[in-house]
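A quick write-up on the structure given underneath.
Atoms within a ligand are numbered from 1 in the order they appear, just like the ligands themselves.
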Amino acid sequence: MLVRVKLYRNHESLFKEFDVSLEPNQTVLDILYTLKENYDPTLSFRSMCRAGICGTCGVKVNAKPVLACKTKVRELEDPITIEPLDNLPIIKDLVVDHSALIERLKKLRIWYEPLGNNLQIFKTNSMVEKSFECIACGLCDASCPVFLTNQGFGGPMSFLRIYKLTQDPRNSKKEESLLRIKNAYIQLCTHCKNCSMVCPLGLMPESIIRFEEAELIKKGLISQSLTNSFDFF
Ligand code: FES
């Protein structure tokens with residue numbers, strides 16, 4: 001099949017158009033490699049595993065943040081518009097700077113601080129289990145409207161990843177983790193659900209944010225009136 005591709009090139013601040021011959025089962029990442037190999041070797045984009053595991057190939061395709069290696073051409077409307085992710089500075093073409101994502105993870109100290117004794121068993125529910133699976137691709141943060149007005153917001157990726165630390169009895173700093181969530185302005189979340197709609201693993205960060213807010217309200221750390229909800233759905 002022949003598809004028209006509109007590709008963002010940042011040094012020219014414009015979209016370049018190409019007609020590319022592809023198989024329906026090929027992916028957006030295949031488009032990018034085809035363009036780089038056959039049309040323009042200066043094109044820059046990121047990829048590593050090509051299997052939806054490393055989380056590095058995030059781009060915006062037809063206005064939606066996706067993993068390029070997991071998005072099949074046959075699922076997309078023609079023309080296919082490929083742009084860099086929003087909410088992160090562009091380094092070149094489709095390569096964005098992930099430093100802000102990493103800084104947010106560091107600011108919320110998203111790692112275990114173990115107990116003195118060695119607790120081996122942790123029985124948990126499926127939401128907590130699944131939050132362990134986040135690949136830190138940052139698509140959720142790239143879709144979040146709160147960053148347009150507040151760069152201090154913790155963001156759905158960090159709130160998802162810290163959730164396990166607030167639940168796991170093997171973490172000696174459960175209460176501190178909750179306080180960090182509060183200090184990262186969780187109550188600014190608008191519950192638009194963009195993050196849950198774009199998560200390639202279906203981890204539902206917005207639902208996790210609701211759980212965390214409920215826990216903060218229960219502990220008197222935030223008040224009900226501080227939480228936003230547009231309840232679109
Ligand atoms: Fe690793 Fe796409 S290249 S997730």
Side-chain angles (χ1 to χ4, degrees), residues 1 3 5-10 15 18 20-106 110-111 129-144 147 155-164 194-206 208:
M1 63 194 279
V3 291
V5 178
K6 295 169 79 175
L7 180 72
Y8 179 81
R9 302 304 309 274
N10 76 313
F15 286 89
F18 304 87
V20 188
S21 177
L22 295 156
E23 296 300 320
N25 267 341
Q26 286 190 286
T27 64
V28 170
L29 192 56
D30 292 321
I31 297 179
L32 297 175
Y33 276 110
T34 304
L35 291 175
K36 190 170 178 76
E37 280 158 22
N38 301 312
Y39 296 83
D40 185 352
T42 69
L43 172 65
S44 297
F45 57 91
R46 275 208 185 92
S47 79
M48 280 199 292
C49 70
R50 303 182 80 162
I53 297 166
C54 73
T56 197
C57 65
V59 286
K60 208 166 64 167
V61 175
N62 292 351
K64 184 181 173 194
V66 296
L67 290 180
C69 70
K70 291 253 292 181
T71 307
K72 298 260 201 276
V73 170
R74 64 158 191 265
E75 296 161 3
L76 301 169
E77 279 185 23
D78 202 336
I80 298 173
T81 304
I82 310 175
E83 302 167 80
L85 293 177
D86 290 330
N87 292 340
L88 295 168
I90 299 169
I91 296 173
K92 182 171 182 292
D93 300 332
L94 303 173
V95 180
V96 290
D97 187 351
H98 287 178
S99 309
L101 297 174
I102 294 160
E103 284 310 312
R104 281 175 213 136
L105 294 175
K106 283 205 249 176
I110 304 180
W111 53 81
E129 281 293 350
K130 277 188 94 52
S131 76
F132 282 43
E133 294 171 15
C134 170
I135 57 172
C137 62
L139 300 191
C140 51
D141 280 20
S143 73
C144 177
F147 288 115
M157 185 178 94
S158 296
F159 291 137
L160 174 83
R161 290 174 71 96
I162 201 171
Y163 184 50
K164 63 185 178 189
N194 283 359
C195 52
S196 294
M197 286 189 281
V198 301
C199 176
L201 299 179
L203 301 182
M204 311 292 282
E206 187 270 341
I208 297 287

Looking only at heavy atoms, what is the nearest atom pair of P205 and L160, with distance?
CA-CD1, 4.1 Å

Are R50 and T27 close enough that a side-chain donor and a side-chain acceptor fall under 3.5 Å?
no

Close side-chain approach of Y33 to S47, heavy-atom, < 4.5 Å
yes

Verify the neighbour count for atom CD of E133: are there more than 12 heavy atoms of other residues, nucleotides or ligands below 6.0 Å?
yes

Exactly one of L76, T81, V28, I31 clears side chain to side chain contact (heavy atoms under 4.5 Å, CB included) with V5, and that residue is I31

Result, protein N, O or S atoms below 2.8 Å from atom 1 (Fe) of ligand 1, excl. waters, equals 2

Charged tip of R9 within 45° of Y39 ring normal and under 6.0 Å:
no

